[in-house]
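Data block below; observations after.
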There are 2 protein chains.
Amino acid sequence: MYSIGTISARTGVKVPTIRYYEEIGLMPAAGRSSGNQRRYDGRGLDRLHFISHARGLGLSLEAIRHLLELSDKGRDCADAHQIAARHLSDIRARIARLQKLEAELERLSHSCDHAPGAPCGLIEALGDHGQCLGDH
Amino acid sequence: MYSIGTISARTGVKVPTIRYYEEIGLMPAAGRSSGNQRRYDGRGLDRLHFISHARGLGLSLEAIRHLLELSDKGRDCADAHQIAARHLSDIRARIARLQKLEAELERLSHSCDHAPGAPCGLIEALGDHGQCLGDH
DNA sequence: ATAGAACCTCTAGTGACTAGAGGTTCAAGA
DNA sequence: TCTTGAACCTCTAGTCACTAGAGGTTCTAT
């Protein structure tokens with residue numbers, strides 16, 4: 001049996017975060033010691049590893065909750081793949097958007113010649129969307 | 001003079017969001033009609049355009065607040081460029097991270113052969129960080 | 001037995017909004 | 001001038017995924 005501090009150290013998930021996961025039902029209510037402290041077994045540790053890993057991949061807690069349910073039920077992985085596919089396309093969309101912003105911001109930075117006394121071209125450009133190429 | 005609804009329509013910023021910007025001091029407190037409704041002039045509209053554009057580029061309200069101060073003071077654009085540069089490197093870091101996640105998630109999806117009855121390889125892989133390449 | 005690290009619950013705060021309740025004002029048409 | 005209803009007002013509370021702090025209790029090692 002592990003204390004909350006132990007599984008925190010093993011998974012890298014902070015102690016208050018573990019309690020938060022329990023509060024929202026992502027982690028099952030842990031067993032308690034005689035003095036009311038949480039005690040976890042290997043399954044609890046595994047589950048927290050799963051959550052931590054999926055969070056690291058950027059999945060929302062809602063998606064993880066869904067994945068955990070599928071895992072608990074034990075079969076039919078089509079749904080799991082759908083969740084992963086949705087997340088993947090979401091990631092790709094975010095990359096595309098960030099790349100547009102990157103280009104735009106770089107362009108705006110170059111629209112200023114740093115002339116002393118003159119207004120900053122970058123600030124002007126921020127005020128005037130008309131100068132922009134993209135649709136942000 | 002424009003009503004809050006009018007500048008909302010012109011900038012695409014929702015009405016409650018404009019009130020929120022005023023509450024946190026990003027928009028100056030607007031003048032009022034005799035019946036206590038907000039009234040904006042061209043400067044208010046410009047300022048909201050600026051904020052909306054910068055938000056669209058992904059800048060935080062804190063960064064925008066800073067930029068607005070620089071703009072109000074009117075000269076020395078080095079600080080503005082520093083803010084933009086910081087944001088640009090932040091965007092690049094986020095792109096790099098998302099690209100890692102993309103690769104990892106794609107790999108995990110392929111680690112399942114969809115055999116009926118067998119446990120889902122994707123879910124197994126999510127539980128076991130040891131299988132991973134990256135450091136997410 | 002004791003010290004102090006780790007644990008407990010509870011409340012409140014973060015960023016950037018969004019939603020809703022309950023009430024008031026404005027502008028256009030009759 | 002009156003009426004209608006769209007737009008406005010303030011205030012509170014909720015979102016996501018935590019994080020911080022107060023004030024108190026339990027565990028573990030010496």
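Proteins get letters first, then strands, A, B, ... in listed order; numbering begins at 1 in each. Since the structure is predicted, the reported quantities are computational estimates derived from the model, not experimental observations. Side chains are part of it too, since the values below use all heavy atoms of this structure and drop only hydrogens, waters and symmetry mates.
Heavy-atom distances to DNA chain C give each of Ser3(A) and Asn36(B) a nearest nucleotide, and the one nearer the 5′ end belongs to Ser3(A). Annotation: of the two residues near DNA chain D, Tyr21(A) and Gln37(A), the 5′-most nearest-nucleotide partner is Tyr21(A). Nearest-nucleotide positions on DNA chain D for Arg39(A) and Pro16(A) put Pro16(A) closer to the 5' end.
Proximity of a side-chain donor or acceptor of Arg55(B) to a complementary backbone N or O of Leu59(B) within less than 3.5 Å is detected.
Rounded to an integer number of Å, the gap from Arg65(A) CZ to dA17(D) C1' is 12 Å. Atoms CD (Glu23(A)) and C1' (dC10(C)) sit 10 Å apart, rounded to a whole Å. The separation between Asp90(B) atom CG and dG15(C) atom P is 16 Å, rounded to whole Å. Across the protein-nucleic acid pair, Ile7(A) atom CD1 and dA6(C) atom C1' stand 14 Å apart, rounded to whole Å. Separating the CE atom of Met1(A) from the P atom of dA6(C) is a distance of 20 Å, rounded to the nearest angstrom. Computed from coordinates, the Ile18(B) CD1 to dA7(D) C1' distance equals 13 Å when rounded to whole Å. For the pair Tyr20(B) OH and dT12(D) P, the interatomic distance rounds to 17 Å; values are reported in whole Å. Residue Ile51(A) contributes atom CD1, which lies 16 Å from atom P of dC16(D) at whole-angstrom precision.
Between Ser33(B) and dC26(C) there is a side-chain polar atom (N or O) within less than 4.0 angstrom of OP1 or OP2. Not one side-chain nitrogen or oxygen of Lys14(A) sits closer than 4.0 Å to the OP1 or OP2 atom of dC18(D). When the side-chain nitrogen and oxygen atoms of Arg32(B) are compared with OP1 and OP2 of dT10(D), one or more of them lie within a distance under 4.0 Å. Residue Thr17(A) has no polar side-chain atom (N or O) positioned under 4.0 Å from OP1 or OP2 of dA17(D). Between dC9(D) and Arg38(B), a contact under 4.0 Å exists linking OP1 or OP2 to a side-chain N or O. Considering only side-chain N and O atoms, Arg19(A) lies nowhere under 4.0 angstrom from the phosphate OP1 or OP2 of dT19(D). Between dT25(C) and Ser34(B), no contact under 4.0 Å exists linking OP1 or OP2 to a side-chain N or O.
If you check every strand for non-hydrogen atoms under 4.0 Å, Ile4(B) touches sugar and phosphate atoms only.
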> Would Arg107(A) and Glu104(A) satisfy salt bridge (Lys or Arg N to Asp or Glu O under 4.0 Å), going step by step from the backbone distance to the final call?
Replying inline: CA-CA 5 Å; Arg107(A) 210 178 54 75; Glu104(A) 196 68 49; 2.8 Å; yes
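Salt-bridge check for Arg94(B) with Asp90(B): passed, with a basic side-chain N closer than 4.0 Å to an acidic carboxylate O.
The nearest pair of heavy atoms linking Tyr21(B) to Ile51(B) is CE1-CG2, 3.6 Å. Smallest separation of non-hydrogen atoms from Ile123(B) and Ser71(A): CG2-CB, 3.6 Å.
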